[in-house]
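Here's the structure we're looking at; comments come further down.
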Amino acid sequence: MKLLRRQFLHLAADAAALPAVSRIAWAQSYPSRPVRLVVGYAPGGAGDTSARLLGQWLSERFGQQFIVENRTGAGTNIATESVVRAAADGYTLLMSSAANAINATLYDRLNFNFIRDTTPISGILRVPHVIVVHPSFSAKTLPEFIAYAKANPGKLTWASPGVGTAGHVCGELFKMMASLNMVHVPYRGGGPAMADLLSGQLQVYIGAMTSSLEYVKANRLRALAVSTTTRSEALPEVARVSDFVPGFETSDWGGISGPKGTPAEIIRKLNEEINAGLADPKVKARLADLGGTPLTGSPTDFEALIAAETEKWAEVVKFAGIKPN
């Protein structure tokens, strides 16, 4: 009787182990078909370009196509929800960004909780925000700009890529920490704002460096400061906001996330190959063209960044009373 019972227990244990073994084998063979990389931005921007760059790298490394799918709308929420609802099998991934951290507080009702319902896989890039002005603007440095804004409360207008964007909350944080009263003018993206800034219709723009970099390098716009704690490799001569507003730091960032429950082996494989890509000189050079630097690290590192950014922007969104359009 004892022998029969022992045999039964062994068989039961073997049967229980089979799903785990098959899951591991399945993950090890990943990817065996094309992978969708969903991007919440229109083609051409930094988020889309970096996603396509890494998609090409991963396609070459894995021998399967990583296909970028642009699903715009609702500040990237449509794209995010489509990935949250997808099977957690590694074949639907999200180009996550600072927008996800901001939207957690900006939108009162979302059909998902980004931190709860997604799995961080890897960072890709970090892009500084930059405060730029038309060359005719009187302020030549950030201290002069701050002095001008304080001498003219409520009269200075500044533009961002749109309500609730990373550039917008960066500007609101700058206003808050520097005690400035400026009027926000939201645009529908950095391109239209650049057109008005170049023509002199705008005075000031705050947003990711990607939109203004070529114009600053051509001396068609003046950069007063970058938002990161280190100087930008793309504009090394430009001061940091934190040189004059201690403790200030922001950036636009992007990375790869998957649905909650994505197998650990798939996460490991993707993270390893993405970090290998970010170390490649050609990939680094292309990210530098966007004004960005590689955002390397483990899934845990990326998870910590998302949590910190979500908490940080929650405070700013609430303090500034920002509401989505």
Side-chain angles (χ1 to χ4, degrees), residues 44-47 49-50 98 125-150 152 156-162 165-178 180 182-187 189-254 284-295:
T49 302
S50 56
L125 86 164
R126 186 191 295 272
V127 180
H129 295 116
V130 61
I131 301 174
V132 290
V133 297
H134 189 270
S136 64
F137 191 72
S138 60
K140 301 294 190 293
T141 65
L142 189 63
E144 290 179 4
F145 177 87
I146 292 172
Y148 180 91
K150 288 187 174 182
N152 297 276
L156 182 62
T157 58
W158 67 282
S160 79
T165 60
H168 181 195
V169 294
C170 169
E172 294 293 348
L173 180 63
F174 174 61
K175 285 172 52 184
M176 185 172 72
M177 293 183 68
L180 303 180
M182 303 189 299
V183 179
H184 176 230
V185 180
Y187 276 70
M194 286 299 103
D196 281 358
L197 187 60
L198 289 163
S199 68
Q201 295 181 59
L202 269 181
Q203 296 172 296
V204 187
Y205 175 79
I206 301 176
M209 183 184 292
T210 309
S211 298
S212 59
L213 181 59
E214 65 175 298
Y215 304 116
V216 172
K217 286 186 171 182
N219 295 316
R220 296 181 64 190
L221 295 175
R222 181 187 305 126
L224 300 181
V226 296
S227 65
T228 42
T229 55
T230 58
R231 291 202 176 206
S232 165
E233 294 179 12
L235 297 174
E237 72 284 357
V238 177
R240 305 169 302 172
V241 175
S242 60
D243 292 333
F244 314 104
V245 183
F248 186 90
E249 186 278 328
T250 72
S251 64
D252 218 334
W253 49 265
K284 291 174 72 174
R286 189 67 188 92
L287 294 179
D289 291 341
L290 301 173
T293 54
L295 182 57

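Keep in mind that the numbers below use all heavy atoms, side chains included, and drop hydrogens, waters and symmetry copies.
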Open item on the list: Applying side chain to side chain contact (heavy atoms under 4.5 Å, CB included) to L202 and Y187, what does each step give before you reach the verdict?
Closed with: CA-CA 11 Å; L202 269 181; Y187 276 70; 3.5 Å; yes
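Taking NZ from K284 and CD from E233, the interatomic distance works out to 7.5 Å, rounded to the nearest 0.5 Å. To the nearest 0.5 angstrom, L198 atom CG is 9.0 Å from D196 atom CG. Taken from NZ in K175 to CG in L180, the straight-line distance is 8.5 Å, to the nearest 0.5 Å. Note: T157 OG1 to Q203 CD = 4.5 Å, rounded to the nearest 0.5 Å. Distance check: M176 CE to F248 CZ gives 9.0 Å after rounding to the nearest 0.5 Å. Going from atom NE2 of H129 over to atom OH of Y205 covers 8.5 Å, rounded to the nearest 0.5 Å.
Considering every non-hydrogen atom in both G162 and H168, the closest pair reads O-CB, 3.3 Å. Annotation for A223 and V238: closest pair CB-CG2, 3.9 Å, computed over non-hydrogen atoms. Between K150 and A178, the closest heavy-atom pair is CE-O, 3.2 Å. Across every non-hydrogen atom of G254 and L295, the tightest pair is O-CD2, 4.0 Å. Minimum heavy-atom separation, L213 to A288: CD2-O, 4.2 Å. G47 approaches S50 most closely through the heavy-atom pair O-OG, 3.1 Å.
You'll find the side chain of S138 stays beyond 4.5 Å of the side chain of E144, heavy atoms only. Using a 4.5 Å cut-off on side-chain heavy atoms (C-beta onward), L287 and P294 make contact. The closest side-chain heavy-atom distance from V204 to F145 is below 4.5 Å. Within the 4.5 Å cutoff, no side-chain heavy atoms of F244 are placed close to those of T141. Looking at heavy atoms from C-beta onward, L142 lies in side-chain contact with F174 at the 4.5 angstrom threshold.
Atom CZ of R220 sits in a sparse spot, with 12 or fewer heavy atoms from other residues, nucleotides or ligands closer than 6.0 Å.
Ring geometry for W158 against H184 counts as tilted: the plane angle lies between 30° and 60°, on a 0 to 90° scale.
Of the possible polar contacts, one joining the R231 side chain to the P236 backbone as a donor-acceptor pair under 3.5 Å is found. A distance-only check finds a donor-acceptor pair linking the side chain of R222 to the backbone of F137 [under 3.5 Å]. Looking at T210, its side chain does come within 3.5 Å of a backbone N or O of L290 through a donor-acceptor pair. Under a 3.5 Å cut-off, the side chain of S251 and the backbone N or O of W253 do not form any donor-acceptor pair.
Results of the side-chain contact (heavy atoms from CB on, under 4.5 Å) test with V226 over I131, D243, V130 single out V130 as the only residue that passes.
Salt bridge absent: K217 and E214 never bring a charged side-chain N and a carboxylate O closer than 4.0 Å.
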